[in-house]
Amino acid sequence: MLDKGYTPSTLEDSIYHLWESNNLFAPATADAMEGESETYCLIMPPPNVTGKLHMGHAMYVVQDILVRYHRMAGFRTLYLPGTDHAGIATQNVVEKQLAKDGVSRHDLGREQFLKKVWEWKEESGTTITKQLRKLGMSCDWTRERFTLDDHSSAAVREAFVKLYEKDLIYRGYYIVNWCPRCQSVIADDEVEHKTMQSFLWHIRYPMADERGKIVVATTRPETMLGDTGVAVHDGDIRYKQFIGHNVRLPLSNRLIPVVGDHAVDPKFGTGAVKVTPSHDFNDYEMAKRHELPHLQVLDLQNTMTKEAGAFAGMSVEEARVAVEEALREGGFLEKKEPYEHSVGVCYRCHTTIQPQVSRQWFVRSQPLAQAAIAMVKSGKIKIIPKRFNKIYFQWLDNIRDWCISRQLWWGHRIPVYYNDAGEVRASTTPPAESGWHQDEDVLDTWFSSALWPFSTLGWPEGDNADLDEFFPTSVLVTAYDILFFWVERMAMLGVECTGEIPFHHVLLTGLVRDEQGRKMSKSLGNALDPLEIIKEYGADALRYSLVAAVSPGNDLNYSIPKTQGYRYFANKVWNAARFVMMKCPDIAKVSHTPPSPMTKLSMAQRWIVSRLHQVVGSTTKNIQRYELSEAALGLYDFFWHEFCDWYLEIAKINLSDDADPAAKKLEETILSYVLCTSLKLLHPFLPFLTEAIWQELGHEEKYLITASWPKTGKVSKTSLDDFARIKRLVTEIRTLRSTFGVKPSAKLDVFIIGEPFLSEDELSYLQNLASLGGIVQQENALHSIPNSLKTVVDSYEILLQMGDDFDKTAETARIQKEIGELTAYHDRLAKELSNKQFVSKAPKQVVEGKQKTLVETSEKVRKLQQQAKMLA
RNA sequence: GGGCAAUUAGCUCAGUUGGUUAGAGCAUCUGCCUUACACGCAGAGGGUCAUAGGUUCGAGUCCUAUAUUGCCCACCA
């Protein structure tokens, strides 16, 4: 028997252990499945080993729900977990820790430093996998992977060499985003833009021939030392005469040419721009077009180089002040005005990015992007929701080559070797001969992530069962914010490396925000720890509160009270199960197949079974369409507000001590069937709770996690209508009782006037649910019934017998108000129906429906008016 | 500058192809310890569906503007 109280904290760990120790997460073996079965494969997006899980990761429950459903639905299901080494991010974490002791990575040396990072990885990785277990992720831990494990490394080397050999990877000089703090290149999409308050300096550049001047506007005066040209728009008449002539660069006296270029906006600033090819992206491009030389005045540590002359050795900040001062002294500074502009910063450490020209490795992206675009255009990869297609295409259409080398230590070392003769060799293994040394840099962390859907399954090994069986994977579930970083690159490298799509569907989830819609972050102090929430409310409640509120691609504003609400729901499920098990001691032996034939059942039984069958259908459909919130909310409503609130109350009639034994037996069958089926439907959402109950039931299917997904069955439409009517009658009587302050314990007598007569079953529901005494049914009222409250439901007049001291004034007022509302409604309907256009153009059912309602409404009004007259 | 969302009850959100008097949870109010659950039960109040037009017999739902909010991309000398 279940404990009286539901306490998630005590049951969740043991249930997880039950599943894991019985190896229930692994795909069913082929012989355990009957005949040919479809496979379902979901590879977990690997969390970074930078610490612990946050609320964003809690959205992984979406994956688990899909997995649990498919496992139960008979698919050979693989859910493969893993973690990501997260290059820069993880290295930063460890460097920060070392910095506390005043140690830098260079003090330790590459090997020792990496040892430290691996230690950190072990710790963080373990924390994360523990946390994933707490969330209830039903992934196959025996296949757990890491983006930097031997297998992934082999895949990375293989992919790199393959691409290099096809000339899709090359090494070249290019202007890149340099993070002076990380001391590494970062990719274009790793740059964030931040608005900053600064100044716009207007600097006068005199013409070399002294016949005039050009004033340029800049936000970075210190870089003028590296100018190798001045550009104006080629059609700008103000400057046309200067194009082709030289200006004398202030402070250095170098002569640099004026060029005409279409990229200059004549309307901005002075319409003239200094060209600093080494430290600005646009200038780099312009220099290319006009063959201007490069001059690096800032080194990788953000210190002015010797090219900066008198300013050499200064930091950027110092140089900016000094240059401004020197310009002012020399009379070159025309003006300095406040200016707001956006600055690129490193997405990891938020340091201002310094554009630098350097030699890096790149992936030639255009050809790969074409293939990735085709996969979505042709529908082979389906993105959910569809609107992200546009964003996907837009990014790939405008893709630039992807800089993949990073000047870090933590990551996949680039598999390229050099010798003193200047030869370069890309190879999956080091050259056998001596004299070769490997490239010092590592690969962008997203390079290994891009291979994740197949490196995890064994690629590039030729003969591999998992790869054969589970690739392409079924669906990739991830937040939309890494569509560019990750999804698109998986598509590109997936197609290139394997010749296949990496996944059939991409389900994009939203971000978890706080209740005011703000991003959760440490600095805002609004970040919630999923583990804390689990501790207090249970993983099941957390799962439900997330899933019930999400729709594909939309953000979720999360707040604790939502989880609390589903904690109450979990409690409800627990107690309903406890009640059923108390009343049906033989539940394990009772059939869990649909009771048949339906005709032998009572009206309420036919109703609950029909509703259950409908819910099986809608839940299944909604999970398949990724509408998990609809599935979750539908189940919630069914279980609580139909099964518990209505059906269990009715079932109590048959379960009472003096009930007919045969009826009692039948009732147990129904309860067992509805409960067991509901537990199955709820299991993906509330895995711990439902499994815990299941284990107590002693069901013939030993574990719920691997039990069969329910099938839909017969639906009796009549019972749905009949029950809806009973509900209306009960609710109406309850409302009257409540309005007139009738004590809940008072059993009132009632007259029901009208046809058709209610059945025995229905009368008994009415009596029990509305706590009535005697019920008298009559076709027509034979005489007026004094001291009664009257209401009209469908074709029935309900007369509730009160004592002679009831408040007649209140009743009159109530009835008058009701009459007023109904009359207004009636008039609206009548007006609509008198519209010839409506009658002729609207579908027949709509018109007939309204006609019927019109008649019913006027009938109700008539009956209420009668009562009003009587009261007067 | 380009694009994408969102705007429905005090709060958080449903509302699938246009068709009964727009729903839920939380919160509020009233009454109940009714033999599973007070983490409960029953009842009630609360919305001119952002604004203005338009299409239609009929619009929360479709179209066009506008406003507000959020996000993405590009650019910002």
Side-chain angles (χ1 to χ4, degrees), chain A residues 2 4-6 189 193 195 200-201 216-220 223 231 263-265 268-276 280 282-283 339-343 387-388 390-391 394-395 398 480-481 483-484 511 513 515 517-519 537 548-549 551 553-559 561-562 564-583 622 625 627 629-630 633 636-637 641 644-645 648-649 652 656-657 731 734-739 741-745 769 771 821-822 824-825 828-829 832 835-843 845-847 849-850 852-853 857:
Chain A
L2 296 173
K4 184 155 170 23
Y6 158 62
D189 49 24
H193 294 272
T195 303
L200 197 58
W201 284 265
V216 299
T218 180
T219 53
R220 303 196 49 201
T223 62
V264 180
D265 177 2
F268 184 89
T270 59
V273 55
K274 59 198 236 12
V275 181
T276 321
D280 184 279
N282 283 327
D283 295 1
Y339 183 64
E340 186 185 273
H341 69 140
S342 88
V343 174
R387 66 184 145 89
F388 283 95
K390 201 169 176 177
I391 298 170
Q394 201 185 348
W395 193 79
N398 299 309
Y480 64 74
D481 61 339
L483 184 66
F484 306 135
L511 310 176
R513 302 173 172 281
E515 59 210 308
R518 299 174 307 177
K519 238 178 171 158
Y537 301 101
S551 56
N554 292 328
D555 292 348
L556 157 71
N557 293 353
Y558 177 83
S559 63
K562 292 186 187 185
Q564 188 174 31
Y566 290 105
R567 165 77 174 76
Y568 295 163
F569 177 57
N571 189 61
K572 191 74 179 176
V573 175
W574 180 267
N575 277 293
R578 201 162 73 92
F579 173 73
V580 171
M581 287 161 74
M582 269 165 68
K583 297 293 180 183
N622 283 324
R625 326 154 44 206
E627 293 289 351
S629 67
E630 295 214 13
L633 294 169
Y636 177 96
D637 191 58
H641 298 305
C644 293
D645 288 351
L648 286 184
E649 292 309 313
K652 284 176 181 172
S656 71
D657 293 337
T731 305
R734 282 173 175 171
T735 303
L736 276 184
R737 295 179 60 118
S738 175
T739 310
V742 176
K743 284 220 168 66
S745 54
L769 297 178
S771 58
E821 281 165 10
L822 286 170
Y825 181 41
R828 229 175 316 153
L829 282 173
E832 202 174 3
N835 183 339
K836 285 192 193 104
Q837 296 271 38
F838 169 69
V839 178
S840 62
K841 288 192 180 172
Q845 311 105 285
V846 174
V847 177
K850 294 211 174 185
K852 197 174 147 224
T853 315
T857 308

Position toward the 5' end of RNA chain B (nearest nucleotide), A:Trp395 or A:Tyr636 = A:Tyr636

Would you mind reading off the distance between [X] atom [atom1] and [N] atom [atom2], rounded to a whole angstrom?
| X | N | atom1 | atom2 | result |
| --- | --- | --- | --- | --- |
| A:Ile391 | B:G2 | CD1 | C1' | 12 Å |
| A:Arg513 | B:U12 | CZ | P | 14 Å |
| A:Asn557 | B:U8 | CG | P | 12 Å |
| A:Phe388 | B:G3 | CZ | C1' | 12 Å |
| A:Phe484 | B:C73 | CZ | C1' | 7 Å |
| A:Asp555 | B:U69 | CG | C1' | 13 Å |
| A:Lys836 | B:G58 | NZ | C1' | 18 Å |
| A:Leu556 | B:C13 | CG | C1' | 10 Å |

For [X], side chain to side chain donor-acceptor pair (under 3.5 Å) partners two or more places apart:
| X | result |
| --- | --- |
| A:Lys652 | A:Glu649 |
| A:Tyr339 | none |
| A:Arg387 | A:Asn554 |
| A:Ser771 | A:Arg737 |

Set of residues satisfying salt bridge (Lys or Arg N to Asp or Glu O under 4.0 Å) with respect to [X], sequence neighbours excluded:
| X | value |
| --- | --- |
| A:Arg220 | A:Glu222 |
| A:Lys572 | none |
| A:Arg513 | A:Asp555 |
| A:Lys562 | none |

Roughly how far, to the nearest 0.5 Å, is the OG1 atom of A:Thr853 from the OH atom of A:Tyr825?
-> 5.0 Å

Taking atom [atom1] in both [N] and [M], compute the distance separating them and give it to the nearest angstrom.
| N | M | atom1 | value |
| --- | --- | --- | --- |
| B:U51 | B:G10 | P | 14 Å |
| B:G70 | B:A52 | C1' | 24 Å |
| B:A67 | B:U55 | C1' | 23 Å |
| B:U30 | B:U69 | C1' | 38 Å |
| B:U8 | B:U61 | P | 13 Å |
| B:G2 | B:C11 | C1' | 35 Å |
| B:U35 | B:G25 | C1' | 29 Å |
| B:G60 | B:G19 | P | 10 Å |

With a non-hydrogen cut-off below 4.0 angstrom, is A:Lys743 in contact with a base, only sugar-phosphate, or nothing?
-> nothing

Would you mind classifying the nucleic acid contact of A:Tyr558 as base, sugar-phosphate or nothing, using non-hydrogen atoms under 4.0 angstrom?
-> nothing

Within the distance-only criterion (no hydrogens, no angle test), does the side chain of A:Arg734 pair as donor or acceptor with the backbone N or O of A:Leu769 below 3.5 angstrom?
-> yes

If a protein heavy atom is under 4.0 Å from the base, mark B; if only from the sugar-phosphate, S; if neither, -; do that for nucleotides 27-45 of chain B going 5' to 3'.
-> ---------BB-BSSSSS-

Residues that A:Lys850 engages under side chain to side chain contact (heavy atoms under 4.5 Å, CB included), provided they are two or more places apart = A:Leu829, A:Glu832, A:Leu833, A:Phe838, A:Val846

Between protein and nucleotides 14-21 of chain B, what N or O pairs are separated by less than 3.5 Å?
from  : atom 1 : to       : atom 2 : distance (Å)
B:U20 : O2'    : A:Tyr825 : OH     : 2.7

Does the side chain to side chain donor-acceptor pair (under 3.5 Å) test come out yes or no for A:Gln564 and A:Tyr568, once each step is laid out?
-> CA-CA 6 Å; A:Gln564 188 174 31; A:Tyr568 295 163; 3.1 Å; yes

According to a 3.5 Å limit on both distances, what stems of 3 or more consecutive Watson-Crick or G-U pairs are formed with RNA chain B?
-> B:1-7 with B:67-73, B:10-13 with B:23-26, B:28-32 with B:40-44, B:50-54 with B:62-66

So, do A:Tyr566 and A:Tyr636 have ring centers that fall under 6.0 Å from each other?
-> yes

